[in-house]
Amino acid sequence: MLDFIAVPFGYAMRFIYDMVGNYGLSIILFTLFTQLVLLPLNWKQKKGMVDVQRIQPKMMELQKKYANNRDKYAQEVQKLYDEQGVSPMTGCLPMLLTFPIMIGLYYVVARPLTYFMGLNSDQISTLAKALKVTATNPYTLEIALAGELSANFATAKDIVPGLMQVNFNFLGLNLAKTPSFKDFSVLWIIPVLSGATAYMQSWVMRKMQQRQGAVQDGAMNTQNAMMNIMMPAMSIYFGFILPAGLGVYWIARNVFTVGQDLILTPYFIRKSREKEAALLAAKPQKKKKAEPQQLTEGEQPPKDDEENR
């Protein structure tokens, strides 16, 4: 579905692997590469979010003032956007564009035989039959088969000439395997770190909002509190039902996202405050220009150019 994204990113990850020769390190560097690719979109998204947060108190005042007049409220909100130079779509549009890219990146790590090793469906099926690997869907099949390929490469290379040999071991962990709730193993560290870094990401985001002085109502606070619990919990859960390689990808992405937030958010907060100060400074000047000039007693108003001529 998203081959036009997954295929070139698969080539990028293979290029990285050829340089470093380590699958786990390749995932981490690949994640960093994709974060840099997405930086322009994330830049616009972060700027839009900070701008919207800046005018949030004024929007809440309008909401209370025009609680019974939705049309007037919509007009005043649009007027506020125009006055403050804020576009609400600036924060939403990059997010919408980022989503399919993230799905494409997921395919690269979740289906290593197709997008990383470059095998087609017939080759994968032939290898699965030869190595007696079965699965209910292509994702679990490729991961299970990837583990068997590393253990039986001598046999597999005769079945598919030119087969790429991949070492899925990283720091003593087999990233082709899936951690199990039932069997305790060192692989448990992957979902645990995935949940911990997901919590760290939400915690940093909340601190950045507090630093900006974001004003939120009770419903928003409740929603944020639920997300702070749900996101780490989901990360841990998926870390136990999906291959460890994907867990490493999520851990790296969470860490890089935290670093990005710590750099970009303070920068845009400073820029937002400078913009707010400039708008406040410009208001008295506009008002002064709009007011008619007061004449002292006996003073005549200035003549226009036609009268002077």
Side-chain angles (χ1 to χ4, degrees), residues 9 13 22-36 38 42 45-46 49 95 98-112 116 137 139-140 142-144 146-147 168-211 214 216 219-265:
F9 276 124
M13 185 169 172
N22 185 294
Y23 186 69
L25 183 58
S26 298
I27 292 177
I28 295 173
L29 293 177
F30 172 71
T31 309
L32 177 60
F33 166 73
T34 56
Q35 287 290 101
L36 293 176
L38 294 174
N42 291 332
Q45 178 184 345
K46 183 63 64 176
M49 291 174 63
M95 188 180 299
T98 302
F99 183 73
I101 296 176
M102 296 308 304
I103 297 298
L105 302 180
Y106 168 82
Y107 285 167
V108 174
V109 182
R111 302 186 62 178
F116 177 54
N137 61 70
Y139 298 93
T140 54
E142 290 199 25
I143 292 299
F168 289 95
N169 289 320
F170 177 63
L171 300 178
L173 305 174
N174 186 348
L175 301 186
K177 288 187 175 182
T178 300
S180 173
F181 281 114
K182 298 179 181 179
D183 301 321
F184 176 79
S185 70
V186 70
L187 276 180
W188 276 32
I189 194 173
I190 299 295
V192 170
L193 285 177
S194 181
T197 53
Y199 178 81
M200 178 178 65
Q201 181 183 346
S202 62
W203 183 84
V204 168
M205 183 181 297
R206 188 169 65 251
K207 289 298 181 182
M208 291 294 102
Q209 290 176 345
Q210 292 175 357
R211 178 173 177 176
Q216 298 177 342
M220 185 62 70
N221 288 328
T222 302
Q223 182 180 354
N224 288 340
M226 291 181 62
M227 291 296 292
N228 291 338
I229 297 174
M230 289 297 296
M231 293 304 293
M234 289 176 61
S235 296
I236 293 173
Y237 173 73
F238 285 116
F240 274 108
I241 65 173
L242 294 172
L246 274 173
V248 171
Y249 170 72
W250 285 327
I251 293 169
R253 184 172 178 271
N254 290 339
V255 172
F256 290 139
T257 300
V258 167
Q260 179 179 275
D261 283 344
L262 290 175
I263 295 172
L264 292 186
T265 304

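A distance of 11.5 Å separates NZ of Lys207 from OG of Ser202, quoted to the nearest 0.5 Å. Residue Phe240 holds its CZ atom at 12.0 Å from OG of Ser235, rounded to the nearest 0.5 Å. Here the CG atom belonging to Leu246 is positioned 11.0 Å from the CD1 atom belonging to Ile251, to the nearest 0.5 angstrom. With rounding to the nearest 0.5 Å, the separation of CD1 in Ile28 from CG in Asn22 is 8.0 Å.
A centroid separation of less than 6.0 Å is found between the aromatic rings of Tyr23 and Phe116. Aromatic ring centres of Tyr199 and Trp203: separated by at least 6.0 Å.
Considering only heavy atoms from C-beta on, Asn169 stays 4.5 Å or farther from Leu175 through its side chain. By the 4.5 Å heavy-atom criterion applied to side chains, Ile190 and Leu173 are counted as neighbours.
For Leu25, the CG atom sits in a packed shell: over 12 heavy atoms of surrounding residues, nucleotides or ligands are nearer than 6.0 Å. Environment of CE in Met231: sparse, with no more than 12 heavy atoms of neighbouring residues, nucleotides or ligands closer than 6.0 Å.
Across all non-hydrogen atoms, the minimal contact from Met13 to Val108 is SD-CG1, 3.7 Å. Nearest heavy atoms, Pro179 versus Ala244: CD-N, 4.2 Å.
The one candidate from Met205, Arg253, Gln201 that meets the side chain to side chain contact (heavy atoms under 4.5 Å, CB included) condition with Val258 is Gln201. Here the rule is side chain to side chain contact (heavy atoms under 4.5 Å, CB included) with Val204, and of Leu262, Thr265, Asn254 only Leu262 fits it.
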### Task
Begin with the C-alpha distance, continue with both residues' side-chain angles, and end with the deciding distance and a verdict on side chain to side chain contact (heavy atoms under 4.5 Å, CB included) for Tyr107 and Phe9.
CA-CA 10 Å; Tyr107 285 167; Phe9 276 124; over 6 Å; no
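The ring-ring contact (aromatic ring centres under 6.0 Å, His included) pairs that include a residue from residues 241-265 number zero, where partners must be two or more places apart or lie in different chains.
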